[in-house]
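Input: a single structure, listed below in structure tokens.
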Amino acid sequence: MLSYPLFSRLRSALERHDGLAYLLLRVAFGLMLITHGLPKILGTSHGSMANPMAGSVNLIANVLHLPAAPLIGWFIALLEGLGGLMLAMGLLTRPLAAMVTVQMLVICWLLGPTFPWIDRGFEYPLILAFVSFYLLTHGAGPISLDARIWRKS
């Protein structure tokens, strides 16, 4: 059986790296968003989608029946592309995380039963909703631009 001091030292070591672990989570999440937004912005293919922006606008207009589909498509592309970069840097983390949380929950709610992407269920946007909600509730963390900016004011 392991002794209590070993658990205490392990806990202490892990807690010392909490800021780094949070940074890695935020950066990985932001970079993942960029991989979805950048192809829409640049008009390049993404996976099996030859034109992800056109696919998004078509989905918004013809499946969700929302008005101003091209405008919403650009908003989503910028949220994922530029917003993902800003999240990775820890800049305006809470407002961006709030928008991504709403985006992912809407995807789950509206598209979950008939999720349109190949061989994927809504597990992907659901876990992204929870990660973005975690970022929303915890902020950017100690290793971020938000922390540097607000520390100086």
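Every heavy atom of this structure was used, including side-chain atoms; hydrogens, water molecules and symmetry mates were not. The model shown is predicted, which means the values in this text are computed figures rather than measured ones.
One distance of note links CD1 of Ile41 with CD1 of Ile34; it measures 9.5 Å at 0.5 Å rounding. For the atom pair Asp18 CG and Leu23 CG, the distance stands at 11.5 Å (nearest 0.5 Å). Atom SG of Cys108 and atom CZ of Phe130 lie 8.5 Å apart (nearest 0.5 Å). Note that CG of Leu78 is 10.5 Å distant from CD1 of Ile76, once rounded to the nearest 0.5 Å.
Residues Ile72 and Pro67 share a closest heavy-atom pair of CD1-O, 3.2 Å. The two atoms that bring Gly55 and Met49 nearest to each other are CA-CE, 4.0 Å, heavy atoms only. Scanning both residues, Pro142 and Ala147, for their nearest heavy atoms gives O-CB, 3.5 Å. Residues Lys40 and His36 share a closest heavy-atom pair of NZ-O, 3.3 Å.
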Which atom pairs, one a donor and one an acceptor, fall under 3.5 Å between side chains of residues 83-106 and the rest of the protein, sequence neighbours left out?
from   : atom 1 : to     : atom 2 : distance (Å)
Thr93  : OG1    : Asp146 : OD2    : 3.1
Arg94  : NH1    : Leu136 : O      : 2.7
Arg94  : NH1    : Thr137 : O      : 3.2
Thr101 : OG1    : Ala97  : O      : 2.7
Thr101 : OG1    : Ser132 : OG     : 2.8
Thr101 : OG1    : Phe133 : N      : 3.2
Gln103 : NE2    : Glu80  : OE2    : 2.8

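Cluster membership for Leu71 and Leu79, using ILVMFWY side-chain heavy atoms within less than 4.5 angstrom, is not shared. Note: the hydrophobic cluster containing Leu145 also contains Tyr22 (ILVMFWY, side chain heavy atoms under 4.5 Å, direct or indirect links).
Side chain of Arg26 to main chain of Leu135: no donor-acceptor pair is present (N/O by atom type, distance under 3.5 Å, no hydrogens or angles).
Within the structure, salt bridge (Lys or Arg N to Asp or Glu O under 4.0 Å) contacts touching residues 44-67 (residues at least two apart or in different chains) do not occur.
Partners of Asn58 under the side-chain hydrogen bond (donor to acceptor under 3.5 Å, both in side chains) rule, at least two apart in sequence or in another chain, are Asn62.
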Evaluate the side-chain contact (heavy atoms from CB on, under 4.5 Å) criterion for residues Ile107 and Leu128: first the C-alpha distance (whole Å), next the side-chain angles of each, then the deciding distance (0.1 Å), finally the verdict. CA-CA 11 Å; Ile107 289 171; Leu128 297 180; over 6 Å; no
